[in-house]
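Notes follow the structure.
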Amino acid sequence: MAARFNPLEADARWQKLWEEQGTFHASGDGERPRAYILEMFPYPSGRIHVGHVRNYVMGDVLARYKRMKGFDVLHPMGWDAFGMPAENAAMENKVHPGAWTRSNIETMRAQLKLIGLAIDWSREFATCEPDYYGHEQALFLDLYEAGLVYRKQSEVNWDPVDMTVLANEQVIDGRGWRSGAPVERRKLNQWFLRITDFADELLDGLGELDQWPDKVRLMQENWIGKSQGMRFRFDLAEPVAGEAGFEVFTTRPDTIFGASFAAIAPDHPIALALAEGNPALAAFVAECKLGGTTAAELETAEKKGFDTGARVIHPLDPDWPLPLYVANFVLMDYGTGAIFGCPAHDQRDLDFARKYGLPVTRVVAPSPEEADEPIGDEAYSGPGRLVNSRFLDGLTAEDGIREVIARAEAEGWGEGTTAWRLRDWGVSRQRYWGTPIPIVHCEACGPVAVRRDRLPVVLPEDIDFETPGNPLDRHPSWAKVDCPECGGPARRETDTLDTFVDSSWYFIRFASQPGDAPFDPVEAQRWLPVDQYIGGVEHAILHLLYARFWTRALQRIGRLDVEEPFRGLFTQGMVTHVTFQDSDGRWLTPEEAEGHDGPVTRGRIEKMSKSKRNTVAPEPIVDQYGADSLRWFMLSDSPPERDLEWSESGIQGSWRFVQRLWRLAAEEAGRGSSTWLGDDEDTGLDRKVHRAIAAVSANIEALAFNKAVANLYELTSALEKAPLSPSRSRGVETLIRLASPMVPHLAEEAWAAMGQDGLIAHAEWPAADPALLVEEEVTIAVQVNGKLRDTLTAAKGASREALEEMALASEKVARILEGKAPRKVIVVPDRLVNVVA
RNA sequence: GCCCCCGUGGCGGAAUUGGUAGACGCGCUCGACUCAAAAUCGAGUUCCGCAAGGAGUGCCGGUUCGACUCCGGCCGGGGGCACCA
């Protein structure tokens with residue numbers, strides 16, 4: 001028996017065996033209960049680092065555990081393979097995005113295989129292959145036909161040099177991140193998915209996701225942003241461009257008598273109409289269009305308005321005109337793009353009113369005496385009753401809201417309604433490396449869906465990135481097609497789909513992948529929803545919301561009867577590492593920093609990233625310490641939802657433990673556990689083993705891997721110290737089973753050495769014997785006035801009287817009591833006695 | 001600005017419903033083995049104190065026989081949203 005575990009030799013041997021035997025193939029035979037464990041699939045950016053490893057190892061432990069518990073486990077892996085970095089690489093290095101992506105996939109797959117993940121590789125796919133995106137096009141057309149896809153003009157950040165649309169994150173200080181050119185706002189025709197149709201369901205559905213972190217549910221709730229209020233009509237004193245008035249949205253209709261102005265967005269139709277005859281207003285509207293849409297810019301932007309000269313009529317008083325402003329802080333795409341200003345009770349309206357000398361009337365007062373208390377620099381948003389509000393006086397805000405809505409509905413000038421922060425999902429991207437939108441534009445017929453038998457619409461290979469802009473748009477022939485309806489000349493849509501579409505249904509494709517359809521609903525429904533989904537918090541909103549939407553949309557159109565895609569969600573922490581910079585601020589790898597001439601600054605400990613050059617590759621670690629040491633370290637110490645700092649001492653500690661475990665198992669195996677005939681003294685070892693079984697199981701189920709690791713350390717120490725006995729032999733065997741999801745290579749090796757048949761991957765998870773979990777003796781804490789003074793050992797279940805008597809017999813207690821009788825004695829059976837002096 | 005989370009040894013972190021704070025790991029100290037080192041093993045390691053003992057979970061206060069845990073108010077760190085009417 002080897003004294004040391006040699007991962008260099010053993011890891012590959014077991015990995016090969018697992019692969020040959022198809023050990024981790026999901027069978028779907030229906031004989032066992034199913035478990036679907038999924039980690040968010042990676043973007044093939046180049047190489048994986050240990051941060052990815054942590055993510056996949058967590059899912060792997062769970063998958064292996066579930067398999068041993070008797071589940072038919074689906075644990076797949078694939079590639080979120082469309083995206084901008086491939087196009088950037090194409091522009092920089094003159095490589096085709098496809099070649100770049102596929103070569104990265106090769107590399108990263110090989111890297112992942114080194115870790116020994118229990119993955120069903122037979123289901124692997126990449127979203128950039130027509131095999132996948134063709135089905136996505138079919139699903140897109142399903143939604144299109146169901147009316148869940150539409151086209152509209154929408155404002156985008158346009159980089160005039162690169163001739164491309166930029167995401168908000170790509171706009172830095174108002175300039176394109178790549179070209180440095182000032183970004184323009186431009187209106188383009190874009191495709192949208194009607195996610196707002198599902199706003200209510202998506203919000204309500206959060207209530208049932210009790211295996212999601214509260215934080216993520218809250219974030220989604222805020223993102224959806226439901227606001228209840230009312231919509232009502234302002235009549236204009238004089239019609240504008242044939243319009244007699246317009247609608248506003250408010251959450252505080254109760255403050256309607258505090259109104260002192262109305263304001264509309266710069267791009268509101270009324271504003272545009274008024275601007276036509278008013279050059280100063282036109283200039284103001286143009287000015288509002290300048291400036292980016294980033295948060296920082298909005299924060300510093302001054303609240304500005306322009307008095308149009310037009311007047312609106314107060315809905316509850318025909319003799320009360322209000323000035324109509326165009327204001328830069330009113331957004332066209334929230335509510336109705338128009339508001340009424342109530343300066344006394346809204347800070348922004350107050351600032352605006354003060355600036356333009358508008359009246360400020362208090363209509364809510366905390367007490368009757370304060371009804372005419374003037375408003376200072378701060379708007380009053382606290383509780384109170386309505387004042388100066390005619391028929392509303394004396395009502396609470398809630399009653400006032402109800403009253404105004406009731407009256408408006410009765411008189412027909414307004415109604416109770418709901419506004420959402422959530423907007424429809426714009427999915428058009430002016431890029432090459434994405435799923436082509438399967439639509440053809442015909443001059444005669446307008447936009448027409450590509451015929452199903454012509455799918456997939458495949459990306460052309462012969463493209464060039466020499467000139468800026470979308471290569472699909474410039475391609476000499478690709479876009480030229482005949483109209484599917486009239487056969488006349490037509491042009492393909494050259495925009496591609498947002499890559500978030502690709503990741504909105506990949507988990508369905510993993511569950512079922514027929515060649516002629518996106519999925520088989522019956523087979524997919526057997527696996528879905530995903531039992532445990534694991535990934536980074538950075539996807540808490542967009543990806544998870546889009547996937548929830550897509551699933552519900554498929555349900556609505558009758559394609560798949562699943563409501564929520566992910567039953568359990570776990571957001572894991574990052575792996576962090578120190579960063580280094582040289583005197584010019586260039587990032588250095590830790591190795592470079594060590595051998596660098598000149599000053600080196602040791603920076604913050606940060607999330608591993610390519611740009612900060614602080615990533616740690618798995619290969620050298622696996623070469624030196626083996627996959628199991630790496631896996632063990634990724635699970636140790638830090639709670640999985642928090643960040644884990646990479647450290648050399650950490651991986652070394654893991655290596656030590658792996659060897660310790662091996663020694664323990666190998667010694668036992670060398671002796672022949674089954675033939676050991678020594679005395680089986682009851683040292684309490686069996687109890688320790690069974691407590692460990694219960695604890696490790698519970699902690700894995702709760703994804704508290706750091707605690708499961710601590711349990712295994714404890715059990716290992718206890719077994720090492722225990723005298724040789726059958727109990728110890730059984731204990732070691734149990735330990736190996738319990739540790740096997742974390743250190744599978746070592747576990748297989750030890751399992752074989754112990755003479756066990758078959759793979760430990762197929763072995764049963766040990767069951768804790770309830771009889772052995774019950775303590776016979778317990779340690780009782782003895783307190784005086786809540787301070788620990790002594791401990792004593794008592795039989796489990798000892799009576800209150802007996803415990804009290806034992807506690808009072810304690811010398812230490814007696815010394816503190818100094819002969820005085822205790823005032824009171826609190827006894828918590830099996831736990832403590834508190835003597836109150 | 002609004003919403004949320006977190007503050008425990010030198011470090012990462014444990015601590016069912018309020019019931020022995022510091023499990024487990026890292027690091028460190030001492031010791032064993034060794035010519036020596038590595039590896040390994042043993043002991044110790046919250047702070048003050050030789051000890052007896054005392055203090056202690058960011059700070060202040062409260063509830064309770066008893067508070068890391070519950071409540072109120074501060075301070076510090078992190079995250080999300082952000083002209084949302």
Query raised in the report: Of A:Q659 and A:D346, whose closest RNA chain B nucleotide lies nearer the 5' terminus?
Result: A:Q659
**Report entry** Residue pair A:K226, A:D200: steps toward the salt bridge (Lys or Arg N to Asp or Glu O under 4.0 Å) verdict
**Finding:** CA-CA 8 Å; A:K226 183 176 186 170; A:D200 249 323; 3.1 Å; yes
Query raised in the report: Taking the six-membered ring for Trp, are A:Y625 and A:W632 ring centroids under 6.0 Å apart?
Result: no
Requested in this report: Would you indicate, yes or no, if B:C41 has its OP1 or OP2 atom less than 4.0 angstrom from a side-chain nitrogen or oxygen of A:K721?
Outcome: no
Query raised in the report: What integer number of Å spans the C1' atoms of B:C59 and B:G76?
Result: 10 Å
Query raised in the report: So, A:D790 versus A:S810: side-chain donor-acceptor pair below 3.5 Å or not?
Result: yes
**Report entry** C1' atoms of B:G10 and B:U29, separation to the nearest Å
**Finding:** 13 Å
Report task. Return no unless some side-chain N or O of A:R815 is found under 4.0 Å from OP1 or OP2 of B:G53. Result -> yes
Requested in this report: Tell me whether the OP1 or OP2 atom of B:G54 has a side-chain N or O from A:R789 closer than 4.0 Å.
Outcome: yes
Query raised in the report: Using the P atom in both, what is the distance from B:G27 to B:G77, to the nearest Å?
Result: 31 Å
Query raised in the report: At under 4.0 Å, does any side-chain N or O of A:R421 touch on OP1 or OP2 of B:A85?
Result: no
Query raised in the report: If we take the C1' atom in both B:G44 and B:U34, what is their distance in whole Å?
Result: 23 Å
Query raised in the report: Hey, is the side chain of A:S227 poking within less than 4.0 Å of OP1 or OP2 on B:A85, counting only N and O atoms?
Result: yes
**Report entry** Distance test, side-chain N/O of A:Y713 to OP1/OP2 of B:G25, below 4.0 Å
**Finding:** no
Query raised in the report: What distance, rounded to whole Å, do you find between the two C1' atoms, one in B:G7 and one in B:G12?
Result: 15 Å
Query raised in the report: Taking OP1 and OP2 of B:C84, is either one under 4.0 Å from a side-chain nitrogen or oxygen of A:R348?
Result: yes
Report summary line: note: A:K824, atom NZ; B:G66, atom P; distance rounded to Å ~ 9 Å
Report task. Measure from CG on A:N834 to C1' on B:A67 and round the result to the nearest Å. Result -> 13 Å
Query raised in the report: P atom, B:G42 versus B:C47: distance in rounded Å?
Result: 23 Å
Requested in this report: Kindly say if A:R663 contacts the phosphate of B:U40, meaning a side-chain N or O under 4.0 Å from OP1 or OP2.
Outcome: no
Requested in this report: Report the C-alpha separation of A:F352 and A:F329 in whole Å, then their side-chain angles, then the decisive distance to 0.1 Å, and conclude whether the ring-ring contact (aromatic ring centres under 6.0 Å, His included) test is met.
Outcome: CA-CA 10 Å; A:F352 192 83; A:F329 62 87; 5.5 Å; yes
Report summary line: Note on RNA chain B: ranges paired as stems (three or more Watson-Crick/G-U pairs in a row, both atom distances under 3.5 Å) are B:1-7 with B:75-81, B:10-12 with B:24-26, B:27-32 with B:40-45, B:46-48 with B:53-55, B:58-62 with B:70-74
Query raised in the report: Is any side-chain nitrogen or oxygen of A:N706 closer than 4.0 Å to OP1 or OP2 of B:G25?
Result: no
Query - P gap between B:C70 and B:C6, integer Å - result: 9 Å
Report task. Examine B:G25: is either OP1 or OP2 under 4.0 Å from a nitrogen or oxygen in the side chain of A:R656? Give yes or no. Result -> no
Query raised in the report: Does one side chain, of A:T336 or A:R233, offer a donor that lies under 3.5 Å from an acceptor on the other?
Result: no
Requested in this report: State whether A:K787 places a side-chain N or O below 4.0 Å from either non-bridging phosphate oxygen (OP1 or OP2) of B:A55.
Outcome: yes
Query raised in the report: Mind checking the C1' distance from B:U20 to B:G56? Whole angstroms is fine.
Result: 15 Å
Requested in this report: Mind calculating the distance between CD1 (A:I826) and P (B:A67) to the nearest angstrom?
Outcome: 12 Å
